[in-house]
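What follows is a set of notes on a single structure, which appears directly below.
Within every chain, numbering begins at 1; the chains are lettered A, B, ... in the order of the sequence lines, protein sequences first and strands thereafter.
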Protein chains: 2
Amino acid sequence: MTAPLNLSNPIGDRSSVSQKTFAVMECVGSSGRPLTTSEIAVLLDMPTPTVHRIVHQLDMDGLLVQEAGSRGYVPGPRLFNFALNVFQTAVRHGSKHAILERLSAATGETSNFGIISGGALLYADRVEASWPFGLRYEVGSRVPLHCTSMGKMLLAHQPKRRREHLLSLSDLHAYTATTMTDLTVLEEQFAQIRTQGYSLDNQEFLAGVICAAVPVRDARGKVCAAVAVSAPQARMPMSLAIQHIPRLLEAAEEIASAWAMDEAEAGEDGHARI
Amino acid sequence: MTAPLNLSNPIGDRSSVSQKTFAVMECVGSSGRPLTTSEIAVLLDMPTPTVHRIVHQLDMDGLLVQEAGSRGYVPGPRLFNFALNVFQTAVRHGSKHAILERLSAATGETSNFGIISGGALLYADRVEASWPFGLRYEVGSRVPLHCTSMGKMLLAHQPKRRREHLLSLSDLHAYTATTMTDLTVLEEQFAQIRTQGYSLDNQEFLAGVICAAVPVRDARGKVCAAVAVSAPQARMPMSLAIQHIPRLLEAAEEIASAWAMDEAEAGEDGHARI
DNA sequence: CTTCATATTATCAAAATCCGGAATGAAAAT
DNA sequence: ATTTTCATTCCGGATTTTGATAATATGAAG
């Protein structure tokens with residue numbers, strides 16, 4: 001029946017206890033049935049004693065509990081409450097998401113929201129156009145900075161020192177024929193991006209995929225995130241992407257003001273823990 | 001070592017990295033606003049460099065992300081995804097699902113269980129009683145708050161400020177002819193819902209679909225979820241829906257006590273009784 | 001009731017990680 | 001311009017982690 005568990009979890013040998021521990025929780029939390037120590041060990045490709053130690057500690061902490069009678073573990077009440085809390089306090093996420101939905105409805109294409117995280121561009125949110133085509137870079141994934149519209153936009157607005165540092169972390173890999181790998185050329189483009197107020201990705205990361213991004217500014221006017229629209233070139237040639245930019249700017253403005261509102265409201269309803 | 005006086009110190013000096021790491025996630029996950037490194041350090045009474053190390057690793061792992069611009073951290077996409085998995089599988093495979101099944105058997109209609117998430121109503125579980133009709137909102141989908149019975153029920157029991165905020169996120173779109181889009185009218189209905197203890201949806205979201213919902217309360221009496229029954233009007237006119245309400249209340253009560261039992265178990269040591 | 005196969009828990013010394021005070025750097029706040 | 005606060009890096013010593021191996025428990029089959 002329900003035993004999908006395609007949860008391919010490549011736990012590198014280079015991961016810390018905390019990472020392994022979370023991997024175990026993810027594994028148990030998404031399996032939908034009780035998992036035993038050795039099952040987890042197989043799924044995550046970890047030595048049995050290691051899994052045992054982790055599972056035992058999670059049991060002590062009330063995060064996993066042993067299903068009555070069975071040897072398998074399921075998420076415990078504390079983990080359940082944690083999950084509930086994470087959800088119910090996700091209001092900020094909600095406002096952003098609603099705006100992206102409207103943007104997707106207006107453009108008919110996929111809308112994206114990204115920030116810099118871990119030296120790469122993090123897709124913090126996305127709304128798929130109902131079109132069943134296109135590449136599927138899911139929310140939470142990271143892509144390079146130097147060859148994506150949002151990445152270039154955010155780089156362009158970093159202090160020069162920081163921008164250089166971020167670029168030095170990457171190897172400026174040429175993903176496609178149009179990927180820019182020359183620092184001088186990139187630096188020129190950053191200047192242009194700052195001037196024109198938007199940035200484009202002409203299949204620089206994924207062949208056949210076009211992307212256009214605009215900046216999102218915080219209360220002080222600092223660029224801190226980006227909104228973008230992406231689509232296959234066959235459907236959205238560059239000229240059409242540019243036509244979407246006014247809409248993108250509107251959405252970015254809406255997000256910024258939604259934040260300002262949050263800011264003003266900050267302070268009241270903290271959530272009590274259970 | 002240092003004076004072992006602090007009673008409110010939730011993190012013992014004798015806890016492992018994993019425990020500290022989870023404590024940080026719990027802290028950020030339940031605060032409802034971005035927390036900075038030093039705030040977390042104060043809240044958990046941990047040294048700043050230690051918190052920094054943990055937070056930084058969580059950032060690298062995509063579990064926490066820095067709220068755009070600010071220094072504060074909020075749950076990242078991966079953590080949301082994890083929370084969704086834990087919550088849904090716990091609900092669907094636990095005792096709560098069986099309660100919904102009994103409810104469906106008793107009413108002969110589709111039973112639903114939902115919570116607020118990200119400014120919308122999240123269908124956490126559902127049991128179909130008979131032939132699906134027309135559009136079908138699957139488990140895990142999100143629907144608007146202002147025009148669904150569960151959404152209105154949960155809104156009615158939010159603190160006024162939060163309710164206003166949640167409503168401001170949506171554009172109160174009129175999905176059907178009976179959708180209420182006037183804030184004053186809605187506010188009146190919320191008062192009525194609190195008084196009568198149930199809420200109704202007279203085809204306000206989907207034409208031809210009737211719905212009735214009651215609240216689920218946690219151990220403290222706070223409304224945290226909703227249970228509803230839904231059906232085509234042709235089969236379940238409003239008068240019939242209202243007749244189902246005693247059954248709904250029973251089911252809600254059962255779910256609440258199942259929930260409370262979990263809580264009680266959490267309080268004891270990690271080992272489940274045999 | 002025994003036997004056997006499998007799963008779980010204990011052990012331990014080497015190796016890797018973690019720790020947190022102190023110092024430094026960056027950025028708001030005044 | 002300055003002060004204050006917060007974030008980040010350093011680093012050697014202490015603690016924890018690690019996982020092969022072994023002992024034990026479990027439960028199925030004979």
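OP1 and OP2 of D/dT18 both lie 4.0 Å or more from every side-chain N or O belonging to A/Thr50. At C/dC19, one or more side-chain N or O atoms of B/Lys20 fall inside 4.0 Å of OP1 or OP2 (strictly under the cut-off). Regarding contacts with the backbone of C/dC19, a side-chain N or O of B/Arg53 is found under 4.0 angstrom from either OP1 or OP2.
To the nearest angstrom, P of D/dT18 lies 15 Å from CG of A/Asp45. Regarding B/Met60, its CE atom lies at a distance of 10 Å from the P atom of D/dT8, rounded to whole Å. In this structure, B/Ile40 atom CD1 and D/dC6 atom P are separated by 13 Å, rounded to whole Å. Spacing between atom CD of A/Gln158 and atom P of C/dA26 amounts to 15 Å, rounded to whole angstrom units. Rounded to a whole Å, the CD atom of B/Gln19 is 11 Å from the P atom of C/dC19.
Residues A/Ser117 and A/Arg142 bring a donor and an acceptor atom of their side chains to less than 3.5 Å of each other.
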Check against side chain to side chain donor-acceptor pair (under 3.5 Å), B/Arg71 and B/Thr37: CA-CA 8 Å; B/Arg71 289 169 169 174; B/Thr37 301; over 6 Å; no

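Considering only residues two or more places apart in sequence or on other chains, B/Arg53 meets the side-chain contact (heavy atoms from CB on, under 4.5 Å) condition with B/Thr50. Shown here are the ring-ring contact (aromatic ring centres under 6.0 Å, His included) partners of B/Tyr73, two or more places apart in sequence or in another chain: there are none. Applying the ring-ring contact (aromatic ring centres under 6.0 Å, His included) test to B/Phe113 and every residue at least two apart in sequence or in another chain returns nothing.
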Pairwise N/O distances under 3.5 Å, protein to nucleotides 6-11 of chain C:
residue: C/dA7; atom: O3'; partner: A/Arg71; partner atom: NH1; Å: 3.0
residue: C/dT8; atom: OP2; partner: A/Ser38; partner atom: N; Å: 3.2
residue: C/dT8; atom: OP2; partner: A/Ser38; partner atom: OG; Å: 2.4
residue: C/dT9; atom: OP2; partner: A/His52; partner atom: NE2; Å: 3.0
residue: C/dT9; atom: O5'; partner: A/His52; partner atom: NE2; Å: 3.2

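Classification of A/Glu204 and A/Lys152 as a salt-bridged pair holds, one side-chain N sitting under 4.0 Å from a carboxylate O.
Each end of the helix from C/dC1-D/dG30 to C/dT30-D/dA1 gets its own rotation axis from five pairs of C1' atoms, and the angle between them is 50° to the nearest 10 degrees.
Judged by the 6.0 Å distance and 45° axis criteria, B/Lys96 is not positioned over the aromatic ring of B/Phe87.
Between A/Arg220 and B/Ile54, the residue anchored nearer the 5' end of DNA chain C, judged by the nucleotide with its closest heavy atom, is B/Ile54.
Sequence neighbours left out, the pairs with a member in residues 139-176 of chain A that pass ring-ring contact (aromatic ring centres under 6.0 Å, His included) are A/His173-A/Tyr175, A/Tyr175-A/Phe205.
Taking the six-membered ring for Trp and the full ring otherwise, A/Phe22 and B/Phe22 have centroids separated by 6.0 Å or more.
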